[in-house]
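Note sheet for the following structure.
The figures here come from the full heavy-atom set of this structure, side chains too, leaving out hydrogens, waters and symmetry mates. Just so we're on the same page: letters track the sequence lines, and every chain starts at 1.
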Amino acid sequence: MSLDSAEFHAAVYDIVRLIPACRVTSYGHIAKLAGMPNHSRHVGQALKFLPPNTNPLIPWHRVIGASGAISSRGPGTDGAQRQRDALVAEGVEVTTGRTGDLRVDLHQFGWFPSAAQIRDQWQPHATDGQGAVGTESE
DNA sequence: CGGGTGACGTAGG
DNA sequence: CCCTACGCCACCC
């Protein structure tokens, strides 16, 4: 199956909408859930394309890098700061490095479910209230 | 049509 | 943990 760019955007938005509060995931994981594991950059591209009015509908701030770092997004932009503010408001701990880099502990706030678990969210059969799903490095 | 770029990721030093 | 190099692909020049 080949995803069109528009459909890829829609898939990305749909997945981002599923991210629970106080949790974060990575661009690459969203790309993987969307069926395109190598299109991690385009996930960010899709979020960049995101209109301001859809902000409250799509928790874009819960998407960070696979290393738990919030992308600088350029020195003149305040996107990273707004993202940090939104995450902190939800209760996510964001640490600031000496160089001003913003990072989140994925072991504590990471949310990396598989496609099957996503389907499980749409149809809650197993009521497992697990926290960090799929903490790879453990 | 070649080259640079980016809200990325992984591997290696 | 830091930085560098490379792969990736849509988009822009």
Quick check: does any side chain N or O of Y13(A) sit under 3.5 Å from a backbone N or O of F8(A), one acting as donor and the other as acceptor? no

Closest-nucleotide mapping onto DNA chain C: is D101(A) or N38(A) further toward the 5' terminus? I mean the 5' end. D101(A)

To the nearest angstrom, the CZ-P distance between F49(A) and dC12(C) comes to 11 Å

Which nucleotide sits closest to the side chain of H39(A): dA7(B), dC2(C), dA10(C)? dA10(C)

Whether the side chain of T25(A) engages the backbone of W111(A) through a donor-acceptor N/O pair (distance < 3.5 Å, no angle test) should be reported. yes

Whether R98(A) contacts dC2(C) is assessed here as follows: a side-chain N or O lying under 4.0 Å from the phosphate OP1 or OP2. Is that the case? no

If we check side chain to side chain donor-acceptor pair (under 3.5 Å) with H61(A), which of these qualifies: R84(A), R82(A), E90(A)? E90(A)

Expressed as a whole number of angstroms, how long is the span from E7(A):CD to dA10(C):P? 15 Å

Rounded to the nearest angstrom, tell me the gap between atom CG in L50(A) and atom C1' in dA7(B). 11 Å

At under 4.0 Å between heavy atoms, which parts of nucleotides 8-13 of chain B does protein reach? Answer with one letter per nucleotide, 5' to 3': B base, S sugar-phosphate only, - none. BSS---

Rounded interatomic separation in angstrom, taking CZ from R82(A) and P from dA7(B): 14 Å

Donor-acceptor pair, H29(A) side chain versus P113(A) backbone, under 3.5 Å? yes

Is there side-chain contact between I64(A) and L106(A), with at least one heavy-atom pair below 4.5 Å? yes

Would you check, one step at a time, whether the test side chain to side chain donor-acceptor pair (under 3.5 Å) holds for Q83(A) with R62(A)? CA-CA 8 Å; Q83(A) 186 167 3; R62(A) 293 172 192 157; over 6 Å; no

